[in-house]
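A short write-up of the structure that comes next.
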There are 2 protein chains.
Amino acid sequence: MEAGKRMDEHETCGHHGHAHDAHGPARTADLVARAERLAQDLGLQFTALRRRTLEVVAEEGRPLGAYDIAERLSVPGKRVAAVSVYRALDFLTEHGLVHRIASRNAFVPCEHGHGAGESAVFLICRSCGSVDETISAEIERSLDRTLAEAGFKPASRIVEIEGECGACQGRSEAG
Amino acid sequence: MEAGKRMDEHETCGHHGHAHDAHGPARTADLVARAERLAQDLGLQFTALRRRTLEVVAEEGRPLGAYDIAERLSVPGKRVAAVSVYRALDFLTEHGLVHRIASRNAFVPCEHGHGAGESAVFLICRSCGSVDETISAEIERSLDRTLAEAGFKPASRIVEIEGECGACQGRSEAG
DNA sequence: GCCCTGCCTGTTACAGTGTAACGCTCGGCG
DNA sequence: CGCCGAGCGTTACACTGTAACAGGCAGGGC
Ligand SMILES: [Zn+2]
Ligand SMILES: [Zn+2]
Ligand SMILES: [Zn+2]
Ligand SMILES: [Zn+2]
């Protein structure tokens, strides 16, 4: 979906934590490699099901529901149940390889190599359904300050913005 | 639940958008009054079901699921279906009287009188389940800046932080 | 009064999301 | 070999949310 945008302009774009929507084979290979390294280092099992689940999520250009993933993983005669997908997704989300979009009950591949402390901001387009993951140290700082003020000890953060992405704005203005 | 905290110390607390968890009858009456004013001004219908739904959500000290609300609204011989509750909740959330907690599929009363432009930050305690709604102009600014940088036009925002509230931290450390 | 219309609600049916529980397999280990 | 733990298949089930249709009820025009 959405032709163009092949990537490599990434380093010179001047944006901060912004990763441009980078799905497709390239990002998939990156993510799989990252998963294998992680499993190696921590003594975890990056099983075939987990790898295939990660691949399906990474290939798709938009958030996928668990049942959609299950369907894509199924082949005639060998059906993958959603519950298995949920377990694989548990693993993948726990280790930051995919993210859950709470407002959509769906999952997207991680577009950054951020650690557990760094939380992401998800920009969800209402028109094309794409999700862009960005990191902003400034937002983290404001959040931390507010949380400290409230005496609240954060464990996980969800920041999801729904709206219209740049591409769709141009599309609807210009025609 | 959770004794103490009767409120009125609100104006002198020095916090910014922080409302302390204010449930109970007082906040309920405030919310109902606000809803009646709003319906009056905009020519909307603040029906019995909508009022009762708002009251149930406001009385509870924690996020309530739609089916929980339906159960509380039901009396022997007169059952309220969840679908009716959803419609009432649609009305209430559209007009900012209650908020949906996406990460919990649950609803809480609005603790502020904020307009549609001002978005809230929800602090969700994993121990006691309470939800505190705070407003931070600083976070809004950082978000706006990041969104502008990404060329993204926001329509609605979800910021939910899971962790441990101040009360529960004290409880687990000291007691 | 009567009809028409719009909004709200009741009811049924159903799709989508997520988890509990049980049992099997496989690989490592004594 | 038996034991054990992790992953996975399978079933069953609970929870969340919506579509579609029918009835009630108020307001407005006739
Ligand atoms: Zn990420
Ligand atoms: Zn778009
Ligand atoms: Zn609010
Ligand atoms: Zn708490």
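What's counted below: heavy atoms across the whole structure, side chains too, no hydrogens, waters or symmetry copies. A note on names: the letters A, B, ... follow the listed sequences, proteins ahead of strands, and every chain is numbered from 1.
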In chain order, what residues pass the salt bridge (Lys or Arg N to Asp or Glu O under 4.0 Å) check against [X], with sequence neighbours excluded?
{"X": "B/R100", "result": "none"}
{"X": "A/R145", "result": "B/E138"}
{"X": "B/R141", "result": "none"}

What is the distance, to the nearest angstrom, from the [atom1] atom on [X] to the [atom2] atom on [N]?
{"X": "A/D90", "N": "C/dT19", "atom1": "CG", "atom2": "C1'", "value": "10 Å"}
{"X": "A/F46", "N": "D/dC8", "atom1": "CZ", "atom2": "P", "value": "11 Å"}
{"X": "B/L42", "N": "C/dC7", "atom1": "CG", "atom2": "C1'", "value": "16 Å"}
{"X": "A/I101", "N": "C/dT17", "atom1": "CD1", "atom2": "P", "value": "14 Å"}
{"X": "B/L44", "N": "D/dA26", "atom1": "CG", "atom2": "P", "value": "18 Å"}
{"X": "A/E71", "N": "C/dT17", "atom1": "CD", "atom2": "C1'", "value": "15 Å"}
{"X": "B/F91", "N": "C/dC7", "atom1": "CZ", "atom2": "C1'", "value": "12 Å"}
{"X": "A/I69", "N": "C/dG18", "atom1": "CD1", "atom2": "P", "value": "10 Å"}

N or O in side chain of B/N105 less than 4.0 angstrom from D/dG17 OP1/OP2: yes

Side-chain N,O (B/T47) to OP1/OP2 (C/dT9) below 4.0 Å: yes

Residues clustered with A/Y67, ILVMFWY side-chain links under 4.5 angstrom: A/Y86

Selection residues 69-82 of chain A - residue pairs positive for side-chain hydrogen bond (donor to acceptor under 3.5 Å, both in side chains), sequence neighbours left out: A/E60-A/R72

Among residues at least two apart in sequence or on other chains, which ones pass side chain to side chain contact (heavy atoms under 4.5 Å, CB included) with [X]?
{"X": "B/V83", "value": "B/A81, B/R87"}
{"X": "B/L44", "value": "B/L38, B/A39, B/L42, B/F91, B/H95"}
{"X": "B/Q40", "value": "none"}

Selection from C/dC8, C/dG18, D/dT18 that lies nearest to any side-chain heavy atom of A/Y86: C/dG18

A/E160 (side chain) donor-acceptor with A/S103 (main chain) under 3.5 angstrom: yes

For nucleotides 9-12 of chain D, tabulate all protein N/O to nucleotide N/O atom pairs closer than 3.5 Å, reporting atom names and distance.
from: D/dG9; atom 1: OP2; to: A/S84; atom 2: OG; distance (Å): 2.7
from: D/dG9; atom 1: N7; to: A/R87; atom 2: NH2; distance (Å): 2.6
from: D/dG9; atom 1: O6; to: A/R87; atom 2: NH1; distance (Å): 3.2

Non-neighbouring partners of A/F122 that pass ring pair (Phe, Tyr, Trp, His ring centres under 6.0 Å), sequence neighbours left out: A/H99

Pairwise distance OG(B/S84) to CG(B/L89) - rounded to 0.5 angstrom: 10.5 Å

List every contact pair, protein side and nucleotides 25-30 of chain C side both N or O, where the distance is under 3.5 Å.
none

Sugar-phosphate, base or nothing in reach of A/R100, heavy atoms under 4.0 Å: sugar-phosphate

Protein-nucleic acid N or O pairs under 3.5 Å, nucleotides 4-6 of chain D:
none

B/E55 side chain to B/T28 side chain, donor-acceptor N/O pair below 3.5 angstrom: no

